[in-house]
Enquirer: 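Okay, handing you the structure first.
Per chain, numbering begins at 1; letters A, B, ... match sequence-line order.
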2 protein chains.
Amino acid sequence: MIPEKEITIYDIAKSLNISAATVSRGLKDHPGISKLTKKRIFDAAKDMGYRFNSLASNLRRQRTNTIGVIVPRLNSSFMSDAIAGMEQVANQAGYNLIISQSLETVKKEVENSLTMFNNRVDGLLVSLAYNTQDISHFEAFIKKGIPVIFFDRIFEHIKCPNIIIDNYQAGYEITKHLIAEGGRRIMHVSGNQSRNVYSERFRGYRDALEEFNLPFSDELLIVNNLTALEGIETAVQILSMEKKPEAVFVSNDTCAVACMLELKKQGIKIPEDISFAGFNNDPIAKVVEPNLTTINYHGEEMGELAANILIRHLTNNLEIGPAHTTVLGHELIVRQSSTKKII
Amino acid sequence: MIPEKEITIYDIAKSLNISAATVSRGLKDHPGISKLTKKRIFDAAKDMGYRFNSLASNLRRQRTNTIGVIVPRLNSSFMSDAIAGMEQVANQAGYNLIISQSLETVKKEVENSLTMFNNRVDGLLVSLAYNTQDISHFEAFIKKGIPVIFFDRIFEHIKCPNIIIDNYQAGYEITKHLIAEGGRRIMHVSGNQSRNVYSERFRGYRDALEEFNLPFSDELLIVNNLTALEGIETAVQILSMEKKPEAVFVSNDTCAVACMLELKKQGIKIPEDISFAGFNNDPIAKVVEPNLTTINYHGEEMGELAANILIRHLTNNLEIGPAHTTVLGHELIVRQSSTKKII
DNA sequence: TTGTAGGCGTTATCAC
DNA sequence: GTGATAACGCCTACAA
């Protein structure tokens with residue numbers, strides 16, 4: 001196949017006996033070009049099969065109208081909602097989204113950020129990998145004034161706006177709820193404690209226990225990767241406990257549901273023997289029996305907001321920093337209720 | 001903030017008293033450059049804070065190493081799996097993914113494809129919107145030799161490879177299963193019939209009925225958008241039926257589960273009174289009670305394969321077409337079993 | 001093994 | 001209103 005020559009604004013200019021500059025302006029609907037000329041330009045462009053070359057334009061303008069997105073995984077209910085939200089806002093505003101996943105490793109996060117950097121993204125939306133401890137790989141962006149915005153799994157940095165929910169408060173509320181339902185011995189299953197979302201929820205849990213003078217011991221905390229498989233392992237662990245907990249607060253729904261189902265299979269009654277609470281309000285939470293008490297978390301809204309904040313920065317050429325943290329709302333959704341209420 | 005001047009290969013060249021061409025080659029690890037020179041180049045690049053400019057390179061090479069992805073929605077279990085698969089393969093091979101959603105409308109699909117076209121993506125991975133009837137908006141790509149690959153929701157086009165599962169066979173198998181379980185009156189809830197996935201599943205259902213001499217009537221077919229809400233509406237409709245079906249095959253799990261749960265709420269016993277089958281094997285399918293019989297569908301694998309085929313085309317500069325259709329496997333996952341087996 | 005030079009297609013600046 | 005011109009930064013044929 002012989003690729004036809006690409007039509008450029010020069011070709012249009014030549015065919016109309018005007019300059020390329022005029023064609024460029026005409027196509028951009030520049031005010032200082034006569035209606036007639038514009039019409040002729042558009043017509044010729046259409047006739048000749050012209051296609052705008054973003055690459056050349058990007059190179060010249062030093063901008064790409066592209067937003068980079070780096071997330072741990074694309075395929076979780078929360079994350080795909082968040083990305084769907086971003087896409088809508090970005091698309092609306094004329095930005096493209098380049099998306100990559102770190103697969104929970106710092107190594108890929110670093111590599112991906114470098115690619116984004118070289119590809120000259122105009123800004124970055126990031127949710128950090130499990131074990132990212134420092135964010136020096138984003139310094140290059142910050143130094144260049146390219147906005148980096150963290151959402152959900154964040155890092156406190158003077159130059160990077162954050163978007164989160166109040167994980168501490170959510171952890172506190174849900175634990176308090178479990179206590180109100182009669183739980184005295186309440187377990188917590190959490191993720192990597194160096195990640196804000198998990199450590200904050202844990203802190204909320206701890207504080208709720210303390211407030212009600214309930215003892216905490218290491219036996220009550222399990223830290224894993226919150227997968228379904230580890231939910232089952234957790235169930236096994238619970239079954240082997242001398243003194244079983246009356247309630248379990250798991251830091252995500254996937255793991256909570258897996259754990260619940262395994263315990264049910266082994267004859268434990270939920271919520272009578274052990275009641276459960278999760279986090280995220282994934283679709284499975286409203287389907288499992290009994291339905292799972294959880295924290296609702298607006299993924300799509302968070303994605304939209306992140307994109308909106310970024311685009312506002314880009315549009316107004318705002319200096320980044322000092323960091324601004326936006327806290328989105330969440331809701332405790334009570335779905336399990338044991339019969340032994342105390343409070 | 002005064003943005004520092006960007007370092008270019010010319011700056012490096014000057015500082016080392018060599019030519020920019022040598023620097024360019026050195027950075028690309030070109031064979032004909034001495035080890036020493038390469039080392040000096042890399043060191044200087046690092047020292048001076050050089051960053052490769054993909055834009056300039058892309059413009060010059062007429063390639064972007066970018067793959068465009070257009071899907072109906074990002075946030076479904078299947079689609080986010082597929083995209084996760086694509087991302088991994090693409091990332092591995094040094095390609096970026098630009099992702100956009102059509103939100104099930106042709107209009108956005110057309111707009112997005114135009115953006116992708118202007119952004120000079122090297123290839124396109126597409127799953128079509130509900131009501132896309134012709135694909136003239138992709139002709140521009142095809143004419144230019146830019147590969148367009150359809151997955152899941154496809155369009156038969158001589159120049160576009162397809163990746164699908166055998167929806168006909170899957171629909172047939174699952175219906176046959178319902179029949180074997182004792183169903184005589186079997187309903188089918190489906191999506192837009194101009195979309196291959198839904199019409200094929202319906203065709204399989206029809207043929208299974210016919211094979212077993214079971215009557216089909218319009219009353220047995222409901223066409224909607226397969227949302228949870230419409231699942232509930234379907235339940236209402238079923239409740240109002242004089243002669244209720246013994247089994248229902250719904251073309252996705254979301255809708256199936258919603259319908260099932262609503263019927264349960266109204267006192268219908270599942271699967272004793274009415275048994276259900278869905279499609280997709282979403283996480284909710286294994287959580288709902290009773291677990292949902294469904295067709296397992298490898299989203300991640302499909303995404304990986306789509307990306308692999310595309311990249312192979314790009315790498316080998318293959319002529320696109322004549323179209324090749326790849327059919328991926330699927331599995332019937334039986335989870336509900338009524339007690340009135342016949343076959 | 002390295003250098004020279006031209007061009008990829010657009011847009012900003014300055015001029016008329 | 002429109003035109004001329006010079007970048008944007010890289011790559012590659014050709015030359016040495």
Side-chain angles (χ1 to χ4, degrees), chain A residues 3-42 44-45 48-66 94 117-122 144 317, chain B residues 3-42 44-45 48-66 94 115 117-122 144:
Chain A
E4 296 167 41
K5 185 192 167 307
E6 288 275 345
I7 305 297
T8 73
I9 53 173
Y10 277 91
D11 299 319
I12 298 178
K14 206 173 295 169
S15 92
L16 294 179
N17 264 313
I18 57 181
S19 79
T22 303
V23 176
S24 175
R25 291 184 186 113
L27 291 171
K28 283 271 134 70
D29 205 21
H30 185 105
I33 300 284
S34 78
K35 281 247 168 3
L36 176 62
T37 311
K38 272 180 196 163
K39 179 162 170 31
R40 298 206 310 142
I41 291 170
F42 276 109
M48 304 172 68
Y50 168 76
R51 85 160 152 161
F52 179 73
N53 191 326
S54 308
L55 300 182
S57 173
N58 288 345
L59 175 60
R60 178 59 231 238
R61 293 180 309 126
Q62 305 277 50
R63 281 187 106 238
T64 57
N65 272 261
T66 295
F117 191 59
N118 289 340
N119 276 296
R120 303 301 206 257
V121 296
D122 292 341
K144 284 237 179 317
N317 207 1
Chain B
E4 297 166 40
K5 185 191 168 305
E6 287 277 345
I7 305 298
T8 73
I9 51 172
Y10 279 89
D11 299 319
I12 298 179
K14 205 174 296 170
S15 92
L16 295 179
N17 266 313
I18 56 179
S19 78
T22 303
V23 176
S24 175
R25 292 185 185 112
L27 290 171
K28 283 271 133 71
D29 205 21
H30 186 104
I33 300 285
S34 77
K35 281 247 168 1
L36 175 63
T37 311
K38 273 182 196 163
K39 179 162 171 31
R40 299 207 310 143
I41 291 171
F42 276 111
M48 304 171 70
Y50 168 77
R51 83 161 153 160
F52 179 73
N53 191 327
S54 308
L55 301 182
S57 172
N58 288 345
L59 175 60
R60 175 59 231 245
R61 293 181 309 127
Q62 306 278 46
R63 277 185 112 241
T64 57
N65 272 260
T66 294
T115 310
F117 191 59
N118 289 341
N119 277 296
R120 303 299 207 261
V121 295
D122 292 342
K144 284 238 179 316

Enquirer: Between C:dG9 atom P and B:Arg120 atom CZ, what is the distance in whole Å?
Expert: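 Going from CZ in B:Arg120 over to P in C:dG9 covers 8 Å.
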Enquirer: Starting at CG of B:Leu59 and ending at C1' of C:dG6, how long is that distance when rounded to a whole Å?
Expert: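 B:Leu59 atom CG is separated from C:dG6 atom C1' by 13 Å.
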Enquirer: Compare the minimum distances between each of D:dG3, C:dT10, D:dC8 and the side chain of A:Ser57, then state the nucleotide with the smallest one.
Expert: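 Among the listed nucleotides, the one closest to the side chain of A:Ser57 is C:dT10.
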Enquirer: Measure the distance from CZ on A:Arg51 to P on C:dT10 and round it to the nearest whole Å.
Expert: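 The answer, rounded to whole Å, is 11 Å.
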Enquirer: So what does A:Ser54 touch, heavy atoms closer than 4.0 Å: a base, only the sugar-phosphate, or nothing?
Expert: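 It contacts nothing in the nucleic acid.
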Enquirer: Of the options D:dC10, D:dT2, C:dG3, whose atoms approach the side-chain atoms of B:Arg25 most closely?
Expert: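 The nucleotide sitting nearest to the side chain is C:dG3.
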Enquirer: Let me test you: for the helix from C:dT1-D:dA16 to C:dC16-D:dG1, what is the angle between the axes at its two ends (five pairs each), rounded to 10 degrees?
Expert: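 Axis-to-axis angle, ends of the helix: 30°.
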Enquirer: Select one nucleotide: of D:dG9, C:dT11, C:dG3, the one nearest the side-chain heavy atoms of B:Ala56.
Expert: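 Ranking D:dG9, C:dT11, C:dG3 by closest atom to the B:Ala56 side chain puts D:dG9 first.
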Enquirer: Among A:Leu59, A:Asn119, A:Asn58, find the one that has a side-chain contact (heavy atoms from CB on, under 4.5 Å) with A:Thr64.
Expert: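 With A:Thr64 as partner, A:Leu59, A:Asn119, A:Asn58 yield a single side-chain contact (heavy atoms from CB on, under 4.5 Å), made by A:Asn58.
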Enquirer: Against A:Ile9, only a single residue in A:Asn53, A:Leu27, A:Ile41 fulfils side-chain contact (heavy atoms from CB on, under 4.5 Å); can you say which?
Expert: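 When A:Asn53, A:Leu27, A:Ile41 are each tested with A:Ile9, the side-chain contact (heavy atoms from CB on, under 4.5 Å) holds only for A:Leu27.
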Enquirer: Can you figure out which of D:dG3, D:dC10, C:dT11 approaches the side chain of B:Tyr10 most closely?
Expert: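 Taking heavy atoms from C-beta onward, the closest nucleotide is D:dC10.
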Enquirer: According to a strict under-4.0 Å criterion, is A:Ser24 in side-chain N/O contact with OP1 or OP2 of C:dT10?
Expert: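 No, no such contact exists.
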Enquirer: Please round to the nearest 0.5 Å and tell me the distance separating atom OG1 of A:Thr22 and atom NE2 of A:His30.
Expert: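 The distance works out to 9.5 Å.
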Enquirer: To the nearest 0.5 Å, what is the distance between CG on A:Asp11 and CD on A:Glu6?
Expert: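 Rounded to the nearest 0.5 Å, the CG-CD separation comes to 10.0 Å.
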Enquirer: Base of C:dT11, side chain of A:Arg60 - is there a donor-acceptor contact under 3.5 Å?
Expert: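 It does, because a donor-acceptor pair links the side chain of A:Arg60 to the base of C:dT11 below 3.5 Å.
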Enquirer: Within the structure shown, what part of the strands sits under 4.0 Å from A:Ser34 by heavy-atom distance: base, sugar-phosphate, or nothing?
Expert: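 Answer is sugar-phosphate: A:Ser34 comes under 4.0 Å of backbone atoms only.
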Enquirer: Please pick, from C:dT11, D:dG9, C:dG9, the nucleotide with the shortest atom-to-atom distance to any side-chain atom of A:Gln62.
Expert: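 Of the candidates, D:dG9 comes closest.
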Enquirer: Nearest to the side chain of B:Ala21 - C:dT11, C:dT4, C:dT2?
Expert: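 Of the options given, the side chain of B:Ala21 lies nearest C:dT4.
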Enquirer: Assign A:Leu55 to base, sugar-phosphate, or nothing according to its heavy-atom contacts below 4.0 angstrom with the strands shown.
Expert: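 It contacts nothing in the nucleic acid.
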Enquirer: Nearest whole angstrom, please: distance from the P of D:dG1 to the CZ of A:Arg40.
Expert: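 So the CZ-P distance, A:Arg40 to D:dG1, works out to 15 Å.
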Enquirer: Give the rounded distance in Å between these two atoms: CG of A:Asn58 and C1' of C:dT11.
Expert: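 Result: 12 Å.
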Enquirer: Quick check on C:dT2: is either OP1 or OP2 less than 4.0 Å from any side-chain nitrogen or oxygen of B:Thr37?
Expert: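 Yes, B:Thr37 has a side-chain N/O under 4.0 Å of OP1/OP2 on C:dT2.
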Enquirer: Under 4.0 Å from OP1 or OP2 of D:dG9: is there any side-chain N or O of B:Thr8 that close?
Expert: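 The answer is no; no side-chain N or O of B:Thr8 sits under 4.0 Å from OP1 or OP2.
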Enquirer: Please name the pair of heavy atoms, one in A:Phe42 and one in A:Gly26, separated by the smallest distance, quoted to 0.1 Å.
Expert: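 Scanning both residues completely, I find the closest heavy atoms to be CE1-O, 3.5 Å.
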Enquirer: Sequence neighbours left out, what passes side-chain contact (heavy atoms from CB on, under 4.5 Å) with A:Arg60? Give chain and number order.
Expert: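 Partners of A:Arg60 by the side-chain contact (heavy atoms from CB on, under 4.5 Å) criterion come out as none, since no residue qualifies.
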Enquirer: Whole Å only: how far is the CG atom of A:Asn65 from the P atom of C:dT10?
Expert: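 The distance from CG of A:Asn65 to P of C:dT10 comes to 16 Å, rounded to the nearest Å.
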Enquirer: Any side-chain N or O of A:Ser19 under 4.0 Å from OP1/OP2 of D:dT2?
Expert: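 A:Ser19 to D:dT2 OP1/OP2: no side-chain N or O under 4.0 Å.
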Enquirer: How many Å lie between NZ on A:Lys35 and C1' on D:dG1, as a whole number?
Expert: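 Between C1' of D:dG1 and NZ of A:Lys35: 13 Å.
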Enquirer: If only atom types and distance count, is the side chain of B:Ser54 paired as donor or acceptor with the main-chain N or O of A:Asn118 below 3.5 Å?
Expert: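 Checked: pair present.
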Enquirer: Which pair of non-hydrogen atoms, one from A:Ser15 and one from A:Met48, has the smallest distance, and what is that distance?
Expert: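 Closest approach of A:Ser15 to A:Met48: OG-SD, 3.7 Å.
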Enquirer: Starting at NZ of A:Lys28 and ending at P of D:dT2, how long is that distance when rounded to a whole Å?
Expert: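 Value for this atom pair: 18 Å.
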